[in-house]
Amino acid sequence: MQADKAWIDDAESVVRMPERRTAPGQAGFSQAEKNRSGHVMGFAARPAGNTVSQLELGDILRLLWREVWLILIVFCAIFAIGLAAAFSMPSNYTAGASLLMQLSQNYVYDPATGGAASGVAATIDQIVQSEVEILNSTELKKRVIAKLGYKVILPDSPQYWNPKSEAERAEAEQAALKVMQGGLDISTAPQNNVVHLTFKHSNAMSAALILNTLIDEYQVYRREVFTDTTGPLLEQQKEDFDARLAVADQAYQRFLAQNGVGDFQAAKATYAKIYDTVTSGLYDARSQRATDQAKLTEIEVNLKTLSPEMSTERDLDLSVPNKIFALKQQRQELLSRYLPSAQPVKDIDAQIAAYQGMMNTGNGVGEQAHKMGVNPIYQDAMTQKLDLEADIASLHGRIQQLEDQAGQVTQKMQGLLSIEAQYNNLSADRDALQNNIRAFTQRIQENDAQQALAKGSDDTVRVVEKASMPDKPKSLKRVILILSFLFAGFTALCAGLLRVYTRKGFSSASMAAKALDLPVLAQAGMKSGAGMKTEARAA
């Protein structure tokens with residue numbers, strides 16, 4: 001079988017494809033074969049995307065090996081640039097230090113006039129961030145520059161050491177600030193109150209000296225940042241309240257003098273107490289008068305039933321009882337001498353019987369003398385009547401006087417009530433100013449005590465570790481070399497792959513068979529020269 005069609009490869013080989021027999025009138029490959037093989041007779045094949053995707057890793061590596069010179073050139077060019085950049089990087093010495101940040105009075109909210117939020121403290125992250133801002137401040141860096149001088153910070157730039165004009169000074173300061181800002185690095189961690197400081201410099205001694213000076217100046221500068229500004233404000237506000245209180249006192253005293261009142265509240269309380277006393281006395285007097293009037297009426301009724309005179313002494317005539325008693329004694333004597341039937345005894349018995357009869361009729365005892373006098377009950381009733389009449393007259397006068405006093409007190413109280421609104425306004429202003437002055441005075445004293453304690457024991461920032469002179473320089477050469485190597489290798493690989501996807505032909509017959517899904521019948525080597533070509537044929 002003769003092969004009359006071939007895939008031309010630039011790699012000095014020719015892969016011939018088998019001849020397809022076609023029907024009469026047809027020449028070459030069928031249209032289906034042309035579509036499947038993806039070529040047109042007489043054109044060299046290009047591995048398309050769908051074609052190369054059918055290749056294996058080994059085939060792709062062989063294709064890349066054909067582009068080894070391109071890959072090496074790209075790699076060497078890029079790596080040479082990175083190598084030059086790495087060796088141009090200067091070596092710096094890095095000094096390190098660490099600070100411990102703690103909660104202090106500066107981070108506790110203490111309002112000037114008190115408040116519900118008093119005593120609220122900042123979190124540790126807020127404290128650390130605030131202190132880091134102070135460490136990063138330009139003013140602090142300028143202080144370090146002013147203290148150390150340009151020679152320490154810019155040892156490699158002697159033209160900045162002794163500026164002679166303001167322009168040169170500004171230029172030197174700008175250069176020193178650039179070094180300070182570029183060399184200082186501050187690292188923190190969330191919920192961690194330790195701050196790590198590092199400073200990079202071309203000189204090891206300068207690195208440690210600058211960082212330690214920065215820490216020392218920072219401890220001084222932060223005290224100035226937290227300088228008490230509340231105290232002067234409190235003093236100024238207190239002076240304003242003192243002036244306003246003097247004006248309010250003058251208006252208050254003038255008001256009292258115009259109304260004839262020494263102490264309004266005391267006068268009001270006194271008049272209220274007097275009014276209560278007068279009213280109570282008036283009610284008591286009226287009640288007492290009514291009581292005495294009732295008693296007087298009762299006594300007058302009783303006097304009508306009493307006699308002004310009464311019997312004071314009465315003597316009785318007891319001669320008949322005495323005679324009876326004497327006759328009975330005589331009879332006893334007679335019985336000692338006579339018999340009861342004797343005439344003398346009978347005569348005495350008759351006399352006794354006669355006198356006894358008088359006694360029985362009630363005529364035996366009579367009134368001998370009778371004396372009359374003043375009736376004491378009537379006299380006592382008359383005395384009570386006179387006393388009650390005097391008391392009633394007294395009570396009547398007292399009631400009249402109490403009523404007059406009650407009217408006067410009422411008039412005074414009404415006068416105080418008419419000016420009470422004005423007094424309350426003046427008094428309220430005066431009391432408010434006094435309370436404010438009292439509060440500001442107490443706040444000033446507390447602030448002075450707090451500031452004194454803060455100055456004596458400021459332990460917000462503590463130096464955990466001071467910077468020491470570094471002994472080994474650090475540079476980015478190694479990092480740049482590694483990154484340059486990786487980037488050069490990646491770029492060179494990408495260039496090789498791009499060349500593989502865009503170059504014509506295949507590297508071997510097996511690769512062509514896999515890519516085109518057709519059997520390869522022959523492979524011939526290509527030689528440069530006029531008409532010299534070798535072919536290998538396979539049936």
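Throughout, residue positions are numbered sequentially from 1 according to the sequence presented.
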Side-chain contact test, heavy atoms from C-beta onward, threshold under 4.5 Å: evaluate it for [X] versus [Y] and give yes or no.
X	Y	answer
T198	H196	no
K268	M413	no
N192	T188	no
P158	W161	yes
D242	I437	yes

| Could you walk me through whether H201 and T94 pass the side chain to side chain contact (heavy atoms under 4.5 Å, CB included) check? | CA-CA 7 Å; H201 199 273; T94 303; over 6 Å; no

Residue pair [X] / [Y]: nearest heavy atoms and the distance that separates them:
X	Y	answer
V74	A495	CG2-CB, 4.1 Å
N203	M205	OD1-N, 3.0 Å
Q219	R222	O-CG, 3.5 Å
I215	L99	CG2-CD2, 4.0 Å
K466	V463	CG-CG1, 3.6 Å

Point-to-point distance, once rounded to the nearest 0.5 Å, from [atom1] of [X] to [atom2] of [Y]:
X	Y	atom1	atom2	answer
L148	I210	CG	CD1	6.5 Å
S157	Y150	OG	OH	13.0 Å
C76	I71	SG	CD1	11.5 Å
L486	T491	CG	OG1	10.5 Å
E217	E139	CD	CD	10.5 Å
L214	Y221	CG	OH	12.0 Å

When you measure from the side chain of [X] to the backbone of [Y], do you find a donor-acceptor pair of N or O atoms at a distance under 3.5 Å?
X	Y	result
S427	N424	no
D125	P190	no
N212	A467	yes

| Listed partners of A248 passing side-chain contact (heavy atoms from CB on, under 4.5 Å), at least two apart | L433

| Excluding sequence neighbours, so at least two apart, what forms side-chain contact (heavy atoms from CB on, under 4.5 Å) with E465? | S98

| message | Within a 6.0 Å radius of atom CZ on F487, are there more than 12 heavy atoms belonging to other residues, nucleotides or ligands? | response | no

| remark: Applying ring-ring contact (aromatic ring centres under 6.0 Å, His included) to F255 and not counting sequence neighbours gives none

Determine all donor-acceptor pairs shorter than 3.5 Å in which one atom belongs to a side chain in residues 171-186; sequence neighbours excluded.
none

| task | Take F75 and F485 through the test side chain to side chain contact (heavy atoms under 4.5 Å, CB included) and record every step on the way to the result. | result | CA-CA 8 Å; F75 175 81; F485 180 83; 3.4 Å; yes

| field | Residues N136, K141; criterion side chain to side chain contact (heavy atoms under 4.5 Å, CB included); working and verdict | value | CA-CA 8 Å; N136 271 324; K141 295 183 177 69; 4.0 Å; yes

| task | Please identify each residue that fulfils side-chain hydrogen bond (donor to acceptor under 3.5 Å, both in side chains) with Y218, with sequence neighbours left out. | result | E131

| request: Kindly determine whether D216 and R143 satisfy salt bridge (Lys or Arg N to Asp or Glu O under 4.0 Å), including the steps that lead there. | output: CA-CA 11 Å; D216 295 338; R143 292 191 177 200; over 6 Å; no

| query | Which pairs pass salt bridge (charged side-chain N to carboxylate O under 4.0 Å, His left out) with one or both residues in residues 243-261, sequence neighbours excluded? | reply | D249-R430

| request: Test L245 against Q434 for side chain to side chain contact (heavy atoms under 4.5 Å, CB included), laying out the working first. | output: CA-CA 7 Å; L245 179 60; Q434 288 176 345; 3.8 Å; yes

